[in-house]
J.: 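Here it is, the structure, as structure tokens.
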Amino acid sequence: MASYEFLIGLRYTRAKRRNHFISFISLISLLGITLGMTALITVMSVMNGFHKEVRERILGVASHAQISSFQDGLYNWQAIAETATQHSQVMAAAPYIDAQGMLSYNQVVRGTIVRGILPESEHNVADFTDRMVTGELQQLAAGEFGIVIGLELARTLGAYPGDKIVLISPQGQVTPAGILPRLKQFTVTGIFEVGHFEYDSGLALIHLADAQKLYRMAPNQVSGVRLKLHDMFQSTRVIHELAETLTPDLYFTDWTQQHANYFRAIQIEKRMLSLILALIIAVAAFNIVSTLVMAVTDKQADIAILRTLGASPGSIMKIFIIQGALLGIFGTLLGLLGGVLLAYNVGEVVAFIEHLFNVQFLSQEVYYISKIPSDPHLADIVTVAAVSFVLTLLATLYPSYRASKVNPAEALSYE
């Protein structure tokens with residue numbers, strides 16, 4: 001059976017008051033908590049969605065982890081790849097060669113990162129196969145000097161599949177006329193688009209054997225080995241465990257180190273936006289303080305009667321804590337409902353607004369992410385709900401304490 005403190009607190013919440021301004025402030029507090037939670041859950045979900053989208057685009061061409069050497073490359077990469085794949089978290093491994101170069105076509109020259117790959121192994125550690133605009137990665141064959149370039153790089157050069165472009169290596173060859181850069185003609189066999197400007201405008205793929213010839217590397221020499229993991233968020237732990245297993249002259253990196261600036265910036269933005277939007281809930285909680293203070297003033301006669309009938313100061317505190325907590329609970333539940341519904345349907349809502357007002361928030365010509373992504377996390381939703389409820393409970397403490405200190409004799413004489 002419910003206690004009389006709960007019943008009275010519930011009655012004070014829904015009863016008609018002589019002072020309608022108190023009811024208005026209560027409604028504003030309730031709406032403030034609801035809107036604050038809805039906005040906070042939605043913004044955190046959208047930030048998670050952007051984080052996930054950027055991560056997938058970057059890791060579509062990068063790797064979860066890499067093993068390289070402190071010296072001039074790896075000569076026993078097959079043994080290293082075999083040892084690495086024995087780890088339970090490692091799905092696949094593939095060798096690579098990373099080098100710098102310049103591409104020239106039709107009097108246009110652009111610098112690029114040249115990556116030598118084995119097409120039959122690369123699709124196990126990267127998603128180039130699904131990102132190809134034209135051609136296929138498997139068309140790269142040893143000795144044929146084919147090249148696959150990013151879409152933005154192809155547009156800049158004006159080169160398309162079948163065109164002959166010149167790759168200039170900075171490793172020069174000594175001639176009587178001096179040191180001259182090495183030049184080799186490559187045929188464009190494919191174009192990829194990963195949706196990340198850094199790669200689309202500055203990455204070129206060639207066969208591993210062709211890269212070894214161009215950059216004068218040994219037939220078994222590579223820059224390192226790229227790894228794909230079952231769980232990318234375990235990459236830091238995996239590379240530490242592999243470092244204990246393999247020889248100490250190897251250098252281990254993972255995606256959190258290689259692209260730390262991107263993900264750190266997104267994380268900081270998410271935290272700052274969450275903090276700013278949490279102030280909406282804090283303002284609503286302060287409104288609860290105002291509501292309860294006015295309610296205490298309005299109910300002094302009732303408090304005096306309850307005290308005369310034997311109610312303790314603690315019981316009086318419970319009544320007003322319950323009244324404020326009920327506002328917080330209703331606001332939190334409505335905020336959860338609104339936040340979750342909006343977070344899971346934010347794309348449709350934004351599309352409707354764009355259609356209604358004939359605007360476009362994320363133009364495909366400007367942004368690589370043309371739709372607002374959303375990725376609600378249960379932990380974020382629970383955290384927002386807990387913070388909201390705790391703030392409303394804290395807001396009830398001072399008014400409730402003030403109610404417990406009401407003097408029955410003075411309150412009745414004042415009434």
Side-chain angles (χ1 to χ4, degrees), residues 1-41 277-340 381-415:
M1 184 176 178
S3 64
Y4 76 91
E5 294 97 338
F6 177 80
L7 295 176
I8 295 175
L10 180 62
R11 180 175 177 79
Y12 281 176
T13 302
R14 58 192 175 94
K16 293 182 179 180
R17 298 179 175 88
R18 290 172 293 177
N19 191 344
H20 295 288
F21 184 69
I22 301 177
S23 300
F24 176 74
I25 295 298
S26 299
L27 179 61
I28 293 299
S29 303
L30 183 69
L31 291 177
I33 294 172
T34 301
L35 292 176
M37 285 195 59
T38 301
L40 189 52
I41 291 173
L277 291 174
L279 294 177
I280 299 176
I281 302 177
V283 170
F286 281 117
N287 285 337
I288 291 178
V289 176
S290 303
T291 300
L292 294 182
V293 167
M294 289 186 289
V296 169
T297 303
D298 189 51
K299 297 295 183 181
Q300 285 195 11
D302 294 356
I303 296 171
I305 293 172
L306 289 171
R307 290 294 308 277
T308 303
L309 293 175
S312 65
S315 297
I316 301 299
M317 285 191 66
K318 288 180 183 179
I319 290 172
F320 289 94
I321 288 176
I322 289 171
Q323 182 183 356
L326 288 174
L327 286 174
I329 291 173
F330 291 146
T332 299
L333 291 178
L334 290 175
L336 278 175
L337 180 62
V340 171
I381 296 173
V382 172
T383 300
V384 171
V387 169
S388 173
F389 185 64
V390 169
L391 284 176
T392 55
L393 284 183
L394 292 176
T396 64
L397 295 181
Y398 171 72
S400 302
Y401 175 77
R402 181 175 173 178
S404 68
K405 296 301 180 181
V406 171
N407 189 313
E410 293 180 359
L412 290 174
S413 63
Y414 173 79
E415 187 69 19

J.: Does some side-chain heavy atom of L292 sit less than 4.5 Å from a side-chain heavy atom of T396?
T.: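 Touching, per the 4.5 Å side-chain cut-off.
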J.: What are the two closest heavy atoms between M37 and T332, and how far apart are they?
T.: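 Answer, listing the atom of M37 first, then T332: SD-CA, 3.4 Å.
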J.: Counting distance only, does the side-chain N/O of S388 pair as donor-acceptor with the main-chain N or O of A385 below 3.5 Å?
T.: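 Answer holds: no.
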J.: With a 4.5 Å limit on heavy-atom distance, are the side chains of L306 and I319 in contact?
T.: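 Contact flag for L306/I319 side chains = yes.
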J.: If I compare all heavy atoms of A325 with all of L393, which pair ends up nearest, and what's the gap?
T.: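 A325 and L393 have their closest heavy atoms at CB-CD2, 3.8 Å.
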J.: How far does CG of L334 sit from OG1 of T38, to the nearest 0.5 angstrom?
T.: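 Separation between the atoms: 8.5 Å.
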J.: Return yes if some donor-acceptor pair links the side-chain N/O of S400 with the main-chain N/O of I321 below 3.5 Å, else return no.
T.: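 It does hold such a pair.
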J.: Do the side chains of V384 and I381 get nearer than 4.5 Å, heavy atoms only?
T.: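 Counting from C-beta outward, I381 and V384 never come under 4.5 Å.
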J.: If every non-hydrogen atom of P313 is compared with every non-hydrogen atom of S404, which pair is closest and at what distance?
T.: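 The answer is O-CB, 3.3 Å.
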J.: Is there a side-chain contact between F330 and I33 in this structure, where contact means two heavy atoms from C-beta onward sitting under 4.5 Å apart?
T.: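 F330 does not reach I33 side chain to side chain.
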J.: What distance do T34 atom OG1 and L336 atom CG have between them, rounded to the nearest 0.5 Å?
T.: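 Between T34 OG1 and L336 CG, I get 9.5 Å after rounding to 0.5 Å.
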J.: Rounded to the nearest 0.5 Å, what separation is found between the CZ atom of F389 and the CG atom of L394?
T.: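 One finds 10.5 Å between CZ of F389 and CG of L394.
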J.: What pair of heavy atoms forms the shortest contact from V293 to R402, and how long is it?
T.: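 That closest heavy-atom pairing would be CG1-NH1, 3.2 Å.
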